[in-house]
Amino acid sequence: MKTLYLDCGSGAAGDMISAALWEVTENKEDVLKEVNAAGIPGIKTYALPSQKQGIFGTHFRVTYNDIEEEPNVLPKDAIVELTPEEDLKVSHHDKHRDHHAHEHHHSSLADVKDIIRSLNVSDRVKEDAQKVYDILADAESHVHGTTVKEIHFHEVGNMDAIADIVCVCLLMEKLDPDQVIASSVNTGTGKVKCAHGILPIPAPATSYLLQGIPIYNTGVNGELCTPTGAALIKYFADSFGPMPVMNIEDIGYGMGTKDYETANYFRAFIGETDEGLDLASSAPPVPAKGHAHEHPVASSEKQQKAISNRIARSIGHLESVKRMVDGNRDAADILIQLAAVESSIASTSRVIIKEHFKGAVEHAVDRQSDESLENLYGIIDKFIK
């Protein structure tokens, strides 16, 4: 079973989730072009290499009219009694934020859905994105004691948040996992500045969204889990818990903008869980004439595509390692990435061997001959050297 495991140990934010998922997709450049061609007004998305405490990954920089939004997290000793207006004077970034806010600060659910419906993406992506916003609207209306129709989004209604949500929905369509499992969510702690003033972390809407999801905090001063991130996890995760037994094919690292004592990244693992490791079909393959035993790499088109996708992901990962070498990156980072490539290739080899082993045994029983098994033993000897 193709499984996507989401590691929320450093929280969950839309840009970090999308960057992590992008790292485990095929044809990355084409996918990024598709994201930017979706038609979200004023939005540009850039995939930038990033490191957090020696770990290499990708930061998705999303700009609206060439301005990048940043969350405003107050220091631990912040004076809560300051009015929002007084406190806003502290941040230089807010000079840009004030101008930006006038352009798209308030958006109704109907406004957001109109934008999503107009995009150049599939119907599935549009439907998923609208459902994520339904979840957000429900949380906002509950917190503010109003109806979904009357709610007006603030931060989550901005164009860059729409971009994060649409991007994640598009990437989920590309990956098309059989199941999505997420870890417990690290929320962070402290205070955050938002449209309603100074609020504790997790903010009220985020807290509402995280109901039914296992959460914790490790004392990191920051909004590790945003409302957008919480809504995306809530919508796409089929279950929550520790990572299942799985053969990992690829790992994606989506990097945040903040620096904490612990590395600030979101991880996405993709691979096969126990239920999906046996790719052999019940129908034995027909051996080719003129050979003692010839078993194809897959006994169905679906299996062949699955194995081909594994190889493509390994190639893509190896190409990223080559770029790191060309850029003379840190040796330790390169070795970590090479270890992931080796794990991915070994996982693919095990799948092919398992398929070949079953075919060889079935052929031996059918022909009452050990010749195909001898052939298999020779292949195994070469593989384990």
Side-chain angles (χ1 to χ4, degrees), residues 2 4 6 12-50 57-69 104 112-133 136 156-178 180 228-229 231-233 235-236 249-256 265-270 305-306 308-320 323:
K2 185 178 181 180
L4 177 65
L6 305 177
D15 60 336
M16 295 168 67
I17 297 172
S18 54
L21 296 181
W22 181 78
E23 280 213 334
V24 297
T25 57
E26 300 173 25
N27 305 317
K28 292 179 176 57
E29 290 185 5
D30 291 340
V31 172
L32 191 60
K33 289 178 182 177
E34 191 173 343
V35 169
N36 281 314
I40 304 173
I43 286 293
K44 292 181 182 178
T45 300
Y46 308 86
L48 306 176
S50 176
T58 299
H59 167 59
F60 259 27
R61 183 172 184 259
V62 180
T63 64
Y64 176 74
N65 292 339
D66 298 323
I67 297 174
E68 183 177 16
E69 289 280 20
H104 64 285
V112 171
K113 288 190 171 184
D114 283 343
I115 293 171
I116 293 172
R117 281 192 289 265
S118 71
L119 299 181
N120 183 30
V121 294
S122 70
D123 290 340
R124 173 180 170 181
V125 172
K126 292 177 183 178
E127 180 181 358
D128 286 341
Q130 290 181 73
K131 287 181 177 178
V132 172
Y133 262 102
L136 281 166
V156 294
N158 291 342
M159 290 296 180
D160 48 358
I162 295 175
D164 289 339
I165 290 171
V166 170
C167 186
V168 170
C169 293
L170 189 150
L171 289 165
M172 289 296 294
E173 180 186 46
K174 298 288 184 186
L175 292 170
D176 195 26
D178 296 315
V180 180
T228 302
L232 287 165
I233 295 297
Y235 179 71
F236 282 110
E249 297 172 5
D250 206 353
I251 308 171
Y253 289 81
M255 303 311 209
Y265 57 72
F266 184 93
R267 284 195 297 183
F269 297 81
I270 194 158
K305 183 178 179 181
S308 178
N309 287 342
R310 286 171 175 266
I311 297 295
R313 278 192 288 270
S314 296
I315 292 172
H317 203 158
L318 194 57
E319 287 176 345
S320 70
R323 288 195 295 270

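Position 1 is the first residue of the sequence, and the numbers go up from there.
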Roughly how far, to the nearest 0.5 Å, is OG1 of Thr25 from CG of Leu175?
6.0 Å
Report yes if some heavy atom in the side chain of Val31 is under 4.5 Å from a heavy atom in the side chain of Leu170; otherwise report no.
yes
Apply side chain to side chain contact (heavy atoms under 4.5 Å, CB included) to Thr45 and list each qualifying residue two or more places apart in sequence or on a separate chain.
Leu32, Val35, Asn36, Ile43, Phe60, Val62
Closest heavy-atom contact between Val180 and Met172?
CG2-CE, 3.6 Å
Sequence-distant partners of Asp128, side chain to side chain donor-acceptor pair (under 3.5 Å), two or more places apart:
Tyr235
Rounded distance (nearest 0.5 Å) linking atom OH of Tyr253 with atom OG of Ser50:
13.0 Å
Closest non-hydrogen atom pair between Ala163 and Ile40, with its separation
CA-CD1, 3.5 Å
Is there side-chain contact between Phe236 and Leu4, with at least one heavy-atom pair below 4.5 Å?
no
Any heavy-atom pair between the side chains of Ile165 and Leu136 that's under 4.5 Å?
yes
Go through the structure and list residues passing salt bridge (charged side-chain N to carboxylate O under 4.0 Å, His left out) with Asp114, not counting sequence neighbours.
Arg117
Minimum heavy-atom distance Ala12-Ile233, with the two atoms named
CB-CG1, 3.9 Å
The side chain to side chain donor-acceptor pair (under 3.5 Å) partners of Lys126 (sequence neighbours excluded) come to none
Which residues pass the side chain to side chain contact (heavy atoms under 4.5 Å, CB included) test with Pro41, not counting sequence neighbours?
Ile115, Met159
Distance in Å, Lys174 NZ paired with Cys169 SG, rounded so as to fall on 0.5 Å steps:
13.5 Å
Supply the atom-to-atom distance Ile251 CD1 to Glu23 CD, rounded to the nearest 0.5 angstrom.
10.0 Å
Shortest non-hydrogen contact from Ala268 toward Leu6:
CB-CD2, 4.2 Å
Looking at residues at least two apart in the chain, or sitting in another chain, which of them share a side chain to side chain contact (heavy atoms under 4.5 Å, CB included) with Ser122?
Arg124, Val125, Glu173
Could I get the full list of salt bridge (charged side-chain N to carboxylate O under 4.0 Å, His left out) partners for Asp123, not counting sequence neighbours?
none
Taking only residues two or more places apart in sequence or in another chain, which ones pass side chain to side chain donor-acceptor pair (under 3.5 Å) with Lys44?
none
Could you tell me whether the side chain of Trp22 and the main chain of Lys28 form a donor-acceptor pair under 3.5 Å?
yes
Of all residues at least two apart in sequence or in a different chain, which pass the side chain to side chain contact (heavy atoms under 4.5 Å, CB included) check with Ala13?
Asp15, Met16, Thr226
Heavy-atom pair with the smallest gap, counting every atom of Leu232 and Gly14
CD1-CA, 4.0 Å
At their closest point, which heavy atom of Val166 faces which heavy atom of Ala129, and how far apart are they?
CG2-CB, 4.2 Å
Ion pair present between Glu29 and Lys33, side-chain N to carboxylate O less than 4.0 angstrom?
no
Within-4.5 Å side-chain heavy-atom neighbours: Ile162 and Tyr133:
yes
